[in-house]
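To keep things clear, I will list the structure first and then write my remarks on it.
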Amino acid sequence: GRPLKLLTLLLVVQGDRVLLGMKKRGFGMGKYNGYGGKVEAGETVLEGALRELHEEAGIKATDATPRGRMLFEFRGEETVMDVRVFSASAFEGEPTESEEMTTEWFGVDKLPFDRMWADDRHWFPILLDGGFFRGYFEFEKDKIVDGVLERTADA
Ligand code: 6U4
Ligand code: NA
Ligand code: NA
């Protein structure tokens with residue numbers, strides 16, 4: 001198989017609101033998403049998720065927990081993204097915009113799915129109701145061409 005690139009994605013969900021950032025540069029520019037990035041040598045996946053949240057949104061999550069794993073394959077790309085999804089509800093600090101991401105709260109009923117990755121509308125409902133999931137989506141540019149998603153018993 002193709003090499004996997006290990007990435008994190010952390011969603012801060014507090015009551016009926018979710019913290020999302022609009023990516024200002026690089027991969028996914030212009031889209032709203034949770035915070036995350038590449039796991040670095042010498043850190044665990046959780047440490048990477050917490051570091052990226054801190055770098056991109058200026059806060060430290062205190063109760064981050066694994067929620068799912070998504071594989072994303074882009075036609076024409078060498079590597080497959082292996083994205084480990086976390087959620088958190090508690091954090092220290094004030095959400096602060098960074099060079100990479102804005103910080104904006106959205107009501108759970110007003111998530112900007114038309115400005116998010118196309119897979120998000122499928123797994124966000126599972127994440128928001130407390131469940132766990134895994135899935136695989138194949139993209140052609142930013143359109144889904146194939147995919148599977150399943151709810152799982154744990155992360
Ligand atoms: P650098 O260049 O080091 O800043 P880094 O911030 O480490 O990069 P980045 O921002 O490229 O990594 O990571 C990509 C982010 O986008 C990760 O949080 C995973 C997320 N992501 C990628 N494909 C996605 C998709 N289809 N749906 C989704 N998130 C996706 O919800
Ligand atoms: Na990032
Ligand atoms: Na990074």
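Remember, it's 1-based here, ligands and their atoms both numbered in the order they're listed.
- The contact set between ligand 1 and Met81, taken as ligand atoms under 4.0 Å from a residue heavy atom, comprises 22 (C), 23 (N).
- Heavy-atom distances between Lys23 and ligand 1 reach below 4.0 Å in at least one pair.
- From the protein, the heavy atom lying nearest to atom 26 (N) of ligand 1 is Asp119 OD1, 2.8 Å.
- Contact annotation: the side chain of Arg134 never approaches that of Leu71 to less than 4.5 Å [non-hydrogen atoms, C-beta and beyond].
- Residue contacts with ligand 1 for Met116 are absent, since no atom lies close enough (heavy atoms, distance under 4.0 Å).
- Residue contact annotation: Glu100 has a non-hydrogen atom under 4.0 Å from ligand 1.
- Lys38 lies apart from the Na ion (ligand 2) in this respect, since none of its N, O or S atoms is found at a distance under 3.0 Å.
- Atom 15 (C) of ligand 1 has its nearest heavy-atom neighbour, among Gly36, Gly26, Gly147, in Gly36.
- Taking 4.5 Å as the limit, every side-chain heavy atom of Arg115 sits out of range of all side-chain heavy atoms of Lys31.
- Under the 6.0 Å cut-off for aromatic ring centres, Trp117 and Tyr32 do not qualify, their centroids lying 6.0 Å or more apart.
- Among the heteroatoms counted here (N, O or S) of Glu52, OE2 is the one nearest to the Na ion (ligand 3).
- Between Arg69 and Asp82, at least one side-chain N (NZ, or NE/NH1/NH2) sits under 4.0 Å from a carboxylate O, which counts as a salt bridge.
- Scanning all protein heavy atoms for the shortest distance to atom 2 (O) of ligand 1 gives Lys38 NZ, 3.3 Å.
- Within ligand 1, counting atoms from 1 as listed, the ones closer than 4.0 Å to a heavy atom of Leu9 are 18 (O), 29 (N), 31 (O).
- Here the heavy atom of the protein found nearest to atom 13 (O) of ligand 1 is Gly37 CA, 3.6 Å.
- Side-chain N or O atoms of Tyr35 include none that pairs as donor or acceptor with a backbone N or O of Val12 at under 3.5 Å.
- For Glu52, the closest heavy-atom approach to ligand 1 falls below 4.0 Å.
- Taking the ring centre of Phe132 as origin, the terminal cationic atom of Arg67 falls inside the region bounded by 6.0 Å and 45° from the ring axis.
- If you number the atoms of ligand 1 from 1 as listed, the ones under 4.0 Å from a heavy atom of Glu56 come out as 6 (O).
- Taking CZ from Phe133 and OG1 from Thr152, the interatomic distance works out to 8.0 Å, rounded to the nearest 0.5 Å.
- Of all protein heavy atoms, the one lying nearest to atom 31 (O) of ligand 1 is Asp120 OD1, 2.6 Å.
- With hydrogens and angles ignored, the 3.5 Å screen pairs no side-chain donor or acceptor of Thr79 with any backbone N or O of Leu4.
- Residue Glu100 approaches the Na ion (ligand 2) most closely through its N/O/S atom OE2.
- Put simply, the residue from Glu99, Glu100, Glu97 that forms a side chain to side chain donor-acceptor pair (under 3.5 Å) with Lys24 is Glu97.
- The distance from the Na ion (ligand 2) to the nearest N/O/S atom of Glu56 is under 3.0 Å.
- Closest protein heavy atom to atom 18 (O) of ligand 1: Thr8 O, 2.7 Å.
- Between Phe74 and Phe139, the angle of the ring planes stays under 30°, which puts this pair in the parallel group of the 30/60° scheme.
- Panel note: side chain Glu47, backbone Thr44; a donor-acceptor pair is recorded below 3.5 Å.
- Among Trp123, Tyr35, Phe139, Phe72, the residue whose heavy atom lies nearest to atom 24 (C) of ligand 1 is Phe72.
- The closest donor-acceptor contact from the side chain of Glu56 to the backbone of Gly36 lies under 3.5 Å.
- If you check each of Phe124, Phe27, Phe137 against atom 22 (C) of ligand 1, the one with the closest non-hydrogen atom is Phe27.
- The nearest protein atom to atom 20 (C) of ligand 1, hydrogens excluded, is given as Asn33 ND2, 3.8 Å; this is a heavy-atom distance.
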